[in-house]
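Reading through the structure tokens given below for one structure.
Labels below follow one simple rule: chain letters A, B, ... track the order of the sequence lines, proteins then strands, and each chain is numbered from 1.
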2 protein chains.
Amino acid sequence: MKIQPLLTYINKIVTLTEDEELYFASKLVYRKYLKGQYILQQGDICNTSCFIISGCVKMFYVDDLGQEHIIMFGVENWWASDLGSFISHAPSDFNVQCIENTELIQISRSNIEKAYSKIPKLERLFRIIIEKAYVASQKRIVRNFSMSAKQRYLVFKQSYPEIEQRIPQYMVASYLGITKEFLSKIKSQIANQH
Amino acid sequence: MKIQPLLTYINKIVTLTEDEELYFASKLVYRKYLKGQYILQQGDICNTSCFIISGCVKMFYVDDLGQEHIIMFGVENWWASDLGSFISHAPSDFNVQCIENTELIQISRSNIEKAYSKIPKLERLFRIIIEKAYVASQKRIVRNFSMSAKQRYLVFKQSYPEIEQRIPQYMVASYLGITKEFLSKIKSQIANQH
DNA sequence: AAATAATATTAAACTAGATTAACATTTAAT
DNA sequence: ATTAAATGTTAATCTAGTTTAATATTATTT
């Protein structure tokens, strides 16, 4: 099982003993998905949290008008799950779909709870992980309120240059909350402005 | 020191022994602010997290054009702090200002770290608190992307009816990410539509 | 009670971004 | 190599929300 990337990631935040690593590893499931497959579907209950080893996923929801809104992308060393559904057993508002062949590590709700009890350090680990995710989420709200679409695109480009290369432009537009046509216009503006 | 509301709040999430409560309480500072006073100012480092006992605060930032954007309100039993600044010692992007006389309980970064070490259960407590905050933040991003200003206003009204009563309308507009003039228009539309 | 400051309303002109639709280009499949 | 499918571009028209500015209302202070 290729869990080394996850252990490396964890050890940057907390230090686990060999026994703890072994125990935690026993609670994990390694899994491969093909491009196009769904890890989670809107309406289902999200029972696992996924740590991405390789590949790329999009998290999105489809609104009443059938329009897709991408909430986030996930690549190597990112977590993907609908935490709201995961923690409260509620039907998920989101889909998580692979946009590349993807390898990931899953941990189920019951197993993560067992691991928390056995290794309290993991509470610390996930507190810190979620703190960071929350801060990033707040910053995104701020950007959405005070920046134009063009500025948001430039921030995205600068923050995630590798992601932009890997996904079609219409998905970037969806992530930015604008239409693909308008992103196209923005890009030609940028290209012609010097 | 009036920390009972905080202990009551905590005990809904984790169970502390009497000793643990005493230890934790020894790390807290009770404080009163007057309407208009700042708990945190943009550019300062946020060194404390605040639990509100009574009163109301707004968290906002002022953009390059001098415009104020309200990120959240805090009332009884809510936390207020710039977590990004708090966890990374970085200058804060936000102001937190009292819009009513406010009583709150502060815990400093160093004291919360001490408390985490002494009482690992607190890691769990704050993991759970931040999980909830993160989920709420994600939901707000979704709303901002897929709902009109009118719909967002109606959701706000329904979610926080008590808050709407306590704050001026132009602050609601700022929180919703629209101008006060447009909120006024929305309200008259709603009033005239039956 | 009058005066001032703070908050809210209304309406006209304006703009960022959406919608529609036609066309161009790239990628994948046969 | 050809075709079909997916992705990207361009331009005209439209709309949700902004800006500006004048006026009205409500609180607060003296």
Show which side-chain atoms of residues 174-185 of chain B pair as donor or acceptor with protein atoms under 3.5 Å away, not counting sequence neighbours.
unit_1	atom_1	unit_2	atom_2	d
B:Ser174	OG	B:Glu68	O	3.3
B:Ser174	OG	B:Ile70	N	2.9
B:Thr179	OG1	B:Phe182	N	3.2

Value in whole Å for how far the P atom of D:dG17 lies from CZ of A:Phe145:
12 Å

Taking only Lys NZ, Arg NE, NH1 and NH2, and the carboxylate oxygens of Asp or Glu, determine whether A:Glu100 and A:Lys35 approach each other closer than 4.0 Å.
no

Examine A:Trp79 together with A:Phe86 and report whether their ring centres are nearer than 6.0 Å.
no

Less than 3.5 Å apart, any donor N or O on the side chain of A:Ser92 or A:Ser85 sitting next to an acceptor on the other?
no

For DNA chain C, which nucleotides open and close the run of contacts to chain B, 5' to 3', at under 4.0 angstrom from a non-hydrogen atom?
C:dT7 to C:dT10

N-O pairing of A:Lys2 and A:Glu103 below 4.0 Å
yes

Side chains of A:Glu123 and B:Tyr116: do they bring a donor and an acceptor to under 3.5 Å?
no

Checking A:Asp93, A:Asn95, A:Asp82 against A:Gln42 for side chain to side chain donor-acceptor pair (under 3.5 Å), the one that qualifies is A:Asn95

Below 30° counts as parallel, above 60° as perpendicular, anything between as tilted: where do the rings of A:Phe60 and A:Tyr38 land?
tilted

What residues in residues 165-188 of chain A put a non-hydrogen atom under 4.0 Å from any atom of DNA chain D?
A:Pro168, A:Gln169, A:Tyr170, A:Glu181, A:Ser184, A:Ser188

